[in-house]
Amino acid sequence: MTGAVIYTDRVPTRALVLVDLQNDFCPGGALAVRQGDEVIAVANRVTRHFELVVATQDWHPADHASFAANHPGRSPYEVIDLDGLPQVLWPVHCVQGTPGAAFRADLDATIAKVFVKGTNPRVDSYSGFHDNGHRGSTGMGEWLRAQGVTAIHVLGLATDYCVQWTALDGRADGFEVTLIADGCRAVELAPGDGERAIAAMRAAGVIVTDSGALASQGLP
Ligand code: VGL
Ligand code: ZN
């Protein structure tokens with residue numbers, strides 16, 4: 001056969017990455033983000049713009065070194081040195097297999113693949129791509145590339161931690177990255193952390209938009 005180029009499959013060059021839409025990051029959870037539950041409705045609304053939706057899931061073993069409870073004498077939100085990296089000590093959250101680690105029941109999305117992170121007890125993983133020390137990969141970047149994805153849209157929890165580092169790692173790995181800002185909420189250990197995170201993402205080339213603007217940006 002010559003001369004005929006037949007395009008059979010549409011390659012999804014764009015994917016939506018849902019970051020940590022888990023019970024523990026919503027009101028009532030162990031590490032509740034203020035108004036964190038409000039992003040679920042945004043996620044549910046925007047998925048129709050994407051052929052491919054993936055999710056990250058914070059998924060810690062009970063002995064995880066990011067938990068203050070695993071450091072006698074330490075309290076949540078203190079910062080320690082963990083094998084050479086600054087580590088905020090968190091309340092026990094998103095322990096593998098617990099209800100707090102489950103995705104919110106009101107999340108209504110067809111998720112093609114879930115990438116768990118924070119599974120190594122010795123290192124935290126804010127980014128959905130790599131742990132904080134870039135010692136290991138979750139496989140998300142490799143998997144997205146294998147699907148033909150070159151651009152990702154990101155939303156979820158929390159703006160100043162896992163959303164920020166997922167977006168920054170996405171840029172570092174060569175993806176075009178767009179933040180859906182109204183689909184994110186921040187922890188704000190210090191007031192302004194959410195805005196500072198957005199500024200850092202912009203400085204790294206992340207496009208910042210809102211869910212309402214997706215249709216006018218040529219997305220179907
Ligand atoms: C997160 C702190 C600890 C997040 C996860 O999803 O932003 N933050 N673990
Ligand atoms: Zn965590």
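Both counts, for ligands and for their atoms, begin at 1 and track the order of listing.
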Would you call Thr138 and Thr56 a side-chain contact if the rule is heavy atoms closer than 4.5 Å? no
Using distance alone, decide if ligand 1 has a nitrogen or oxygen within less than 3.5 Å of any nitrogen or oxygen in Leu31. no
Under 2.8 Å from the Zn ion (ligand 2), which protein N, O or S atoms are there? Could you list them by chain and number? Asp58 OD2, His60 NE2, His93 NE2
His153 side-chain N/O to Leu18 backbone N/O, donor-acceptor pair under 3.5 Å: no
Could you tell me whether Val19 approaches ligand 1 through its side chain, its backbone, both or neither, with non-hydrogen atoms closer than 4.0 Å? neither
Lys117 versus ligand 1: do any nitrogen or oxygen atoms come within less than 3.5 Å of each other? no
Would one find more than 12 heavy atoms of other residues, nucleotides or ligands at under 6.0 Å from atom CZ of Arg135? yes
Heavy-atom nearest neighbour in the protein, as seen from atom 4 (C) of ligand 1, with distance rounded to 0.1 Å: Cys162 SG, 2.7 Å
Is the closest side-chain heavy-atom distance between Phe25 and His93 below 4.5 Å? yes
Closest non-hydrogen protein atom to atom 8 (N) of ligand 1, residue and atom name please, with distance? Tyr161 CB, 3.8 Å
Backbone or side chain, does any N or O of His60 fall under 3.5 Å from an N or O of ligand 1? no
Contacts under 3.5 angstrom, residues 194-204 side chains, donor-acceptor by atom type, not counting sequence neighbours:
from: Arg196; atom 1: NH2; to: Pro191; atom 2: O; distance (Å): 2.9
from: Arg196; atom 1: NH2; to: Asp193; atom 2: OD1; distance (Å): 2.9

Going by the atom numbers of ligand 1, which of them fall below 4.0 Å from some non-hydrogen atom of Asp20? 4 (C), 6 (O)
Does any non-hydrogen side-chain atom of Arg14 lie less than 4.5 Å from one of Thr178? no
Nearest protein heavy atom to atom 5 (C) of ligand 1, by residue and atom, and its distance? Asp58 OD2, 3.2 Å
So the atoms of ligand 1 within less than 4.0 Å of a heavy atom of His93 turn out to be 3 (C), 9 (N)
Would you mind listing which atoms of ligand 1 come within a distance below 4.0 Å of any non-hydrogen atom of Ala158? 4 (C), 6 (O), 7 (O)
